[in-house]
Amino acid sequence: MSKLILERLKAQFGDDILEVSSFRGDDVAVVKPSRWLDVARFVHDDPRCDCTYFADLSAIDNCDPRTDELDMDDRFEVYVIAYSVAKKHRVRIKTRLSGDEPRIASVIPVWSGANWMEREVFDMFGVHFEGHPDERRILTYDEFKGHPLRKDYPANRTQPLVEYRDGTFNKLGPFLQDEGMPLNRTVIPDERQ
Amino acid sequence: MADVTHLETRTLGGGESGFATTKFEALLGWARKYSLFQYPFATACCGMEFFSTASPRYDIARFGAEAPRFSPRQSDVLWVVGTISQRQAPVLRRVYEQMTEPKWVIAFGTCASCGGFYDNYATVPGIDKVIPVDVMIPGCPPRPEAVLDGLMLLQDKIGRGDRTPETLKNTALPDGAEEALEKLYQIRMKP
Ligand code: SF4
């Protein structure tokens, strides 16, 4: 892949592009959160980039709750993947947000397909998208507290909508090895270590 | 009438014109177990296996359970086929509540039985947390044979009037079957 988009971005935005990298055809640019929308608009509108196809928008939580502060500066990485059908090239634009009230501009004005993706990122990570017309949860339900893909969300916390019946099994047996999996809902220590 | 003999049923007289005595409950159970109208609540990958079970090759009609009813009000058995998420749980309970008595529930597959490998915020760890279950069929997905086993277990329970939840156990292989399977496997794996 040509690094054309990265070069165009660097020429256009200079120091606001914090990092660029390219690995086996995957071009990545890390940008300042304040220029997020401008960069998105540029790769969409610029005739040589021409990334009119919106492929994906998601986020990554980079904090380890055992060692890091939850409000660390670069906790959330939000990325968008844009593709040009005509020019057959693709770029991934990333930005890093603080763990304390993460906020970023919505890219819906550029790609309207981003609507549900941003809702998903809001639902799973609690990142707010400024200018989003309808920022509601999309996968979980309104009663849900917290954001399940944040690293500090306890892995075993469930929030049932229906009260569980009394006297139900905690664990079912006897499912056997040849039925596919041991099926006890406990953590089995990894003996390979 | 061979089926109902263990339910204190006696046939008197012989040949074409004999008659039978039985208990009302036993007769009712016998009638019910061979006319199960099913409501398939198929939510995930197990659904594929359910279609396969319901199709002519495995022929669920042999058990009197071929008629699907897509209205809970007309059905007797609720097949919960696949993963039930926390968000779906109210829907499932509502469907169950709309069914008229008598009604039975089969948990089809590991996910419906205990949540399977989805051990997380999104999945109900077994539908028995939400509605009463009669038969749980393990497997991811269960083979159609296992499903038919589960259906027969349910029929048996209906006949007996037994409402305790039960898990389908896999039966021990008969003597020599394991070696035969091993041989078959070796033949198959030959290039
Ligand atoms: S038990 Fe397996 S096949 Fe069935 S729904 Fe769950 S994951 Fe899918």
Side-chain angles (χ1 to χ4, degrees), chain A residues 58-61 65 116 119-127 136-190, chain B residues 45-46 49 84-97 105 107 109-133 135-143 145-146 149-150 164-173 177-178 181:
Chain A
S58 191
I60 302 157
D61 183 355
W116 284 12
R119 275 177 70 186
E120 186 190 358
V121 172
F122 164 68
D123 189 359
M124 294 289 133
F125 295 94
V127 173
R136 282 181 297 136
R137 291 182 178 275
I138 188 168
L139 293 174
T140 63
Y141 27 94
D142 290 340
E143 293 85 347
F144 202 90
K145 299 258 177 344
H147 302 281
L149 290 196
R150 284 192 175 193
K151 289 282 168 63
D152 55 329
Y153 185 90
N156 56 4
R157 183 189 289 165
T158 54
Q159 307 185 24
L161 275 181
V162 176
E163 209 180 313
Y164 286 171
R165 294 167 57 233
D166 292 339
T168 53
F169 306 103
N170 262 334
K171 201 152 79 170
L172 284 176
F175 296 105
L176 301 180
Q177 215 72 40
D178 55 331
E179 281 158 353
M181 59 175 92
L183 285 179
N184 45 4
R185 302 176 61 78
T186 52
V187 179
I188 303 162
D190 191 350
Chain B
C45 17
C46 268
E49 213 59 37
I84 300 296
S85 63
Q86 297 285 8
R87 199 172 168 169
Q88 250 170 346
V91 180
L92 178 65
R93 197 178 61 176
R94 199 176 161 93
V95 166
Y96 177 78
E97 281 165 356
V105 178
T110 307
C111 280
S113 305
C114 71
F117 49 76
Y118 300 109
D119 194 353
N120 59 19
Y121 64 93
T123 306
V124 177
I127 55 161
D128 62 315
K129 304 280 181 298
V130 182
I131 57 176
V133 182
V135 171
M136 282 167 273
I137 306 172
C140 180
R143 290 186 58 87
E145 289 90 337
D149 259 2
T164 50
E166 203 165 327
T167 308
L168 182 70
K169 299 189 183 57
N170 67 345
T171 43
L173 292 172
E178 221 155 302
L181 281 175

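Each chain gets a letter, A, B and so on, in the order the sequences are listed, and its residues count up from 1.
- Closest approach of B:Ile127 and B:Ala107 over heavy atoms only: CD1-CB, 3.9 Å.
- No part of B:Pro142 comes within reach of chain A, as not one of its non-hydrogen atoms sits under 4.5 angstrom from that chain.
- Contact of B:Ala122 with chain A is not made at all, since no heavy-atom distance falls under 4.5 Å.
- Contacts between A:Glu163 and chain B at a heavy-atom distance below 4.5 Å involve the backbone alone (N, CA, C, O).
- Of all non-hydrogen atoms in B:Gln86 and B:Val124, the two that sit nearest each other are OE1-CG2, 3.6 Å.
- Heavy-atom distances place the side chain of B:Arg93, and not its backbone, under 4.5 Å from chain A.
- The aromatic rings of B:Tyr121 and A:Tyr153 sit perpendicular, their planes meeting at an angle over 60°, well past the 30° parallel limit.
- In this structure, the portion of B:Ile131 lying under 4.5 Å from any heavy atom of chain A is its backbone and not its side chain.
- Closest approach of A:Leu161 to B:Arg87, counting heavy atoms only: CD1-CA, 4.0 Å.
- Between the side chain of A:Arg165 and the backbone N or O of B:Val130 there is no donor-acceptor pair closer than 3.5 Å.
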